[in-house]
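First up is the structure itself, then whatever we jot down about it.
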Amino acid sequence: MIDIQQIREDSQEVIARYRIRNFDASDLVNRIKTLDARRRQIQQELDNTLAEANAKARQIGELFKTGKGNEAQALKSQSAELKKKSKQLQEELDAAANELQELMTNLPMLPHPSVPAGNTEADNLVVREEGEQPRLADGAKPHWELASEHGLIDFAAGTKVTGAGFPIYTGKGAALQRALIAFFLDEAGKAGYTEVQPPLLVNAASAYGTGQLPDKDGQMYRIPEDDLYLIPTSEVPVTNIFRDTILEEDVLPVKYTAYSVCFRREAGSYGKDVRGLNRLHQFDKVEIVQVVHPEKSYAALDEMVEYVAGLLQKLDLPFRVARLCGGDLGFAAALTYDMEVYSAGQKRWLEVSSISNFETYQAQRMKLRFRRAEGKNQLAHTLNGSALALPRVMAALLENNQTPDGIKIPRVLHKYTGFEYI
RNA sequence: GGAGAGGUGGCCGAGUGGUCUAAGGCGCACGCCUGGAAAGCGUGUAUCCGUCAAAAGCGGAUCAAGGGUUCGAAUCCCUUUCUCUCCGCCA
């Protein structure tokens with residue numbers, strides 16, 4: 001949620017900035033402006049009424065104490081009137097505040113000035129590309145064929161046990177998964193991220209805090225009996241550690257990393273995009289999360305991109321980095337970089353990481369602040385990124401490293417896998 | 001899942017209808033004292049909303065959450081929730 005102060009101060013500027021998202025906010029912003037003024041007016045009236053009622057109650061107490069009970073009777077009825085009035089005002093205030101909140105929730109984050117214009121993925125701005133795309137012999141295979149050939153993944157069994165999109169890793173496939181998780185966590189630790197193991201189920205307040213609710217309601221699996229949600233990413237539980245928190249300024253930046261299983265319904269997906277490991281309902285991911293001082297959040301974003309680039313270099317995977325255009329930018333993000341690896345068997349770029357600065361969007365919802373040495377408490381900025389999502393990394397590793405003698409495991413993983421070839 | 005006891009400020013803890021503007025202690029900050037420190041003494045120390053250009057000030061709200069009784073609720077009633085103890089179940 002954006003800061004309503006920005007709308008009060010310069011609503012035209014806010015509307016103009018939303019255009020980069022191809023979002024015409026003029027109607028919504030104007031309604032918010034009107035409603036905000038109304039809300040404040042009601043509150044003033046209510047506060048005055050309550051102040052009066054409080055004064056009367058004090059008077060009555062005084063009169064009883066000094067034995068003038070009869071005089072108090074008259075005041076009682078006045079007080080009752082005030083109460084009736086304040087109750088009504090309170091209802092009006094609640095209604096206005098709720099409606100305002102609801103409208104604010106419909107506003108996405110204001111995009112950063114560097115976000116390029118555009119509508120779709122095709123308009124994203126590739127800002128970096130490196131690594132050599134492997135030249136494979138004729139007959140190079142996609143990862144799903146390699147996986148079944150070498151007994152790494154049993155898609156059919158997963159479909160039987162659960163359903164499509166729930167693969168079962170077996171043998172060296174399972175070991176490679178475990179190796180990647182350990183490698184990513186160790187690297188994050190070296191880069192100063194504290195490892196955490198979060199719950200895989202979260203409550204509605206947490207899902208709201210990071211912006212999954214109400215916007216992406218249909219994306220999450222839900223446990224209705226307990227009103228809990230399976231996490232679509234560990235960003236949700238990890239960032240919500242700081243919900244309703246005021247941090248001391250000197251603990252910033254907070255840097256956390258977490259491995260978790262992630263669950264996504266991916267309703268409506270089909271076709272070649274979901275073949276093999278390309279898109280799953282359940283997958284593994286190591287996430288990095290930062291809570292930072294607002295003035296340092298873009299430096300932190302760059303640092304995170306650099307960190308993930310380093311992982312891909314170590315795995316010897318060709319990759320590119322794209323700055324998402326306004327039309328492709330997520331609801332909660334001010335600026336996002338997608339990292340894609342080239343997967344030579346499918347001859348496609350696969351997204352393996354998405355790194356975003358949410359500025360105050362999540363902080364506002366979560367009431368995550370820090371205490372300034374001078375002045376008022378202030379909202380912190382939150383960021384997160386995948387480092388990395390495993391399935392597509394696995395797909396690219398299998399496809400790019402296929403040789404007539406088997407699949408080569410990158411050197412950095414040897415100590416984790418215990419084998420160099422599959 | 002059953003029974004019982006609880007939830008008060010950063011922490012501990014008092015508080016059974018008006019003087020709660022929440023005692024007292026700890027912690028923290030600043031000052032005095034000191035050669036320096038400790039001790040001691042003094043002062044301060046929550047969050048949110050509104051008002052104001054802003055700060056101060058002022059008004060309102062908040063004693064787990066929500067509702068109720070009352071002129072007036074931390075205090076009484078109802079609901080929910082969480083924690084603890086015992087029992088049951090269990091990796």
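Reminder, nothing fancy here: chain letters follow the sequence lines and each chain counts from 1. The figures that follow rest on heavy atoms only: side chains count, while hydrogens, waters and symmetry mates do not.
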Nucleotide paired to B/rC33 in any strand shown, Watson-Crick or G-U, under 3.5 Å
none
Should B/rG27 form a Watson-Crick or G-U wobble pair with both distances under 3.5 Å, which nucleotide is its partner?
B/rU45
If pairing means Watson-Crick or G-U wobble with both distances under 3.5 Å, then the partner of B/rA64 is B/rU80
Could I get the full list of side chain to side chain donor-acceptor pair (under 3.5 Å) partners for A/E287, not counting sequence neighbours?
A/K285
By nearest-heavy-atom nucleotide on RNA chain B, the more 5' of A/L50 and A/Q5 is A/Q5
Is a side-chain donor-acceptor pair under 3.5 Å present for A/T382 with A/Q362?
yes
Rounding to an integer number of angstrom, what distance separates B/rA54 and B/rA73 when you compare their P atoms?
33 Å
Rounded to whole angstrom units, what separation is found between the CZ atom of A/R58 and the C1' atom of B/rC20?
12 Å
Using atom P of each nucleotide, how far apart are B/rG10 and B/rG17 to the nearest Å?
27 Å
Quick one: A/N48 CG to B/rG60 P, roughly how many Å, whole number?
9 Å
Measure CD/A/E248 against C1'/B/rC28 and give the value in whole Å, please.
10 Å
Nearest to side-chain heavy atoms of A/N54, which nucleotide of B/rG59, B/rG18, B/rA61
B/rA61
Suppose we define a pair by two distances each less than 3.5 Å, Watson-Crick or G-U wobble; what does B/rC20 pair with here?
none
side-chain hydrogen bond (donor to acceptor under 3.5 Å, both in side chains) for A/Q346 and A/E399? Distances and angles first, verdict last.
CA-CA 8 Å; A/Q346 300 178 75; A/E399 293 183 12; 3.1 Å; yes
Mind checking the C1' distance from B/rG13 to B/rG24? Whole angstroms is fine.
8 Å
Are A/N278 and A/R275 close enough that a side-chain donor and a side-chain acceptor fall under 3.5 Å?
no
So, A/E249 and A/R371, do they make that salt bridge, N to O below 4.0 Å?
no
For B/rC84 versus B/rA29, give the span between their C1' atoms, rounded off to a whole number of Å.
35 Å
Separation of atom CG in A/D244 from atom P in B/rA65, rounded to whole Å:
12 Å
Among A/K255, A/Q290, A/E187, exactly one meets side chain to side chain donor-acceptor pair (under 3.5 Å) together with A/Y193. Which residue is that?
A/Q290
Under 3.5 Å for both donor-acceptor distances, Watson-Crick or wobble: does B/rA55 have a partner, and if so which one?
none
Base-pairing mate for B/rC90 - Watson-Crick or G-U, with both contacts under 3.5 Å:
none
Mind checking who B/rA14 pairs with, Watson-Crick or G-U wobble, both distances under 3.5 Å?
none
Rounded distance (Å) that lies between atom C1' of B/rG67 and atom CG of A/D94
13 Å
Working for salt bridge (Lys or Arg N to Asp or Glu O under 4.0 Å), residues A/R222 and A/D227:
CA-CA 7 Å; A/R222 175 149 183 244; A/D227 202 21; 3.0 Å; yes
Can you give one letter per nucleotide of nucleotides 46-53 of chain B, going 5' to 3': B for a protein heavy atom under 4.0 Å from the base, S for sugar-phosphate only, - for none?
-SSBSS--
Same-atom distance (C1') from B/rC77 to B/rC41, integer angstrom:
48 Å
To the nearest angstrom, the NZ-P distance between A/K367 and B/rU62 comes to 18 Å
Which base, if any, makes a Watson-Crick or G-U wobble pair with B/rA3, both distances under 3.5 Å?
B/rU85
Rounded P spacing from B/rG7 to B/rA14 in Å
9 Å
A/K87 NZ to B/rG60 C1', straight-line distance once rounded to whole Å:
19 Å
Rounding to an integer number of angstrom, what distance separates B/rC20 and B/rG15 when you compare their C1' atoms?
9 Å
Students often mix this up, so state it plainly: with edges at 30° and 60°, are the rings of A/F166 and A/Y221 parallel, tilted or perpendicular?
tilted
What is the nucleic acid contact for A/K83, judged by heavy atoms within less than 4.0 Å: base, sugar-phosphate only, or nothing?
base
Taking atom P in both B/rG1 and B/rA56, what distance in whole Å separates the two?
49 Å
Distance-only side-chain donor-acceptor flag, A/Q177 / A/D284, under 3.5 Å
yes
